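Computed from a predicted structure; not experimentally measured. FYI, side chains are in, hydrogens and waters are out, and symmetry mates aren't considered; it's all heavy atoms of this structure.
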Amino acid sequence: MTVRIGTRASKLALTQTQQTADQLAAVGGFPVELVHITTEGDVKTGSLSQMGGTGVFVAALRDALLQETCDVAVHSLKDLPTGAALGLTIAATPKRVDVRDVLCSRDGLKLADLPHGAKVGTGSPRRAAQLRAARPDLDVQDIRGNVDTRLGRVPGLPGNAGDARGDLDAVVLAAAGLERIGRLDTVSEFFEMDVMLPAPGQGSLAIECRTADAPRRAGSTEGSQGVLAQALAALDDEDTRLAVTAERAVLARLEAGCAAPVGAFAFRKGSMLYLEAAVCAVDGSRTVREKKATDGLTEVGATLLGIEVAELLLAAGAAEIADLAAS
């Protein structure tokens, strides 16, 4: 049995999928092969929010699973819509890596040191809103492209190709992506949570498969107890699953689209699960931020925590300061 693993063809997607494939093969003892899938987000240009948000990177991979072109798909979890996909299951959330956003700037400048009117690029309304809240004087520009292309727009960064554009003073990216492709040397500042809350699920992968092939949960007759299911179960990290479940429950309760300026971060410490979330006005003029904790260390408990924090955000005016339905 060869397990076919679907992936986008970008450098980051291929890298994180190959790492996952190697782990699955090592645990399950079966051969694996990567199946390259072209998504709408890889083909179209323009603003991510106008294209339909990060979900455009997911649909083709999910179709490939349902059509049995591949057996497993590896996603960046923050790209997955919160709604369930009929016939599919997130079978594993491997241990999360660094969740933070980072600044990659010319001359190693930190956010506070960028000159007035500096041009900072990001494709994320969430990052743009929090940048403007921290530095209203910046010229925040909407950009697209893979990680190397974005880094190439900042002059002098380590590893930039000779044909790099170099037309921006800085870009904001996820630490996780830079770590996976070996370009953390471009980082000038790691943002702490009080400056920039990450996207729900940031730093985590989601390994998705057909529900019939997913690990069978206790007390359920759905799923499988086969070799693939056992390998997927072995890759699942409980603390990561609890954290991202809480974060994604915030989005779901807010009925927030993929491009809504919402940040969330949850983590387990001892017998408690902690969650902080924020909704920002896109122009940076207002932010509502709430936090809460629970000792309910189950997926239901994590979901309820996310809903409670979302309710606090709505009560504080989240829907009035941001277009939560932004797709």
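Looking only at distances, no side-chain donor or acceptor of S76 sits under 3.5 Å from a matching main-chain atom of D79. With hydrogens and angles ignored, the 3.5 Å screen pairs a side-chain donor or acceptor of R248 with a backbone N or O of P81. Under a 3.5 Å cut-off, the side chain of T17 and the backbone N or O of L14 do not form any donor-acceptor pair. When atom types are taken as modelled, the side chain of Q230 and the backbone of G28 share no donor-acceptor pair closer than 3.5 angstrom. Between the side chain of D236 and the backbone N or O of T93 there is at least one donor-acceptor pair closer than 3.5 Å. No donor-acceptor pair closer than 3.5 Å links the side chain of D213 to the backbone N or O of D71. The closest donor-acceptor contact from the side chain of R4 to the backbone of T69 lies under 3.5 Å.
Side chains of K291 and L275 form no contact here, defined as non-hydrogen atoms less than 4.5 Å apart. Side-chain contact between V102 and F191: absent, with no pair of heavy atoms (C-beta onward) separated by less than 4.5 Å.
Applying the salt bridge (Lys or Arg N to Asp or Glu O under 4.0 Å) test to every pair with at least one member in residues 215-224, sequence neighbours left out, gives these pairs: R217-E299.
Listed here is the closest heavy atom pair of L103 and A170: CD1-CB, 3.7 Å.
A salt bridge does not link K119 with D169: none of the charged nitrogens is closer than 4.0 Å to a carboxylate oxygen.
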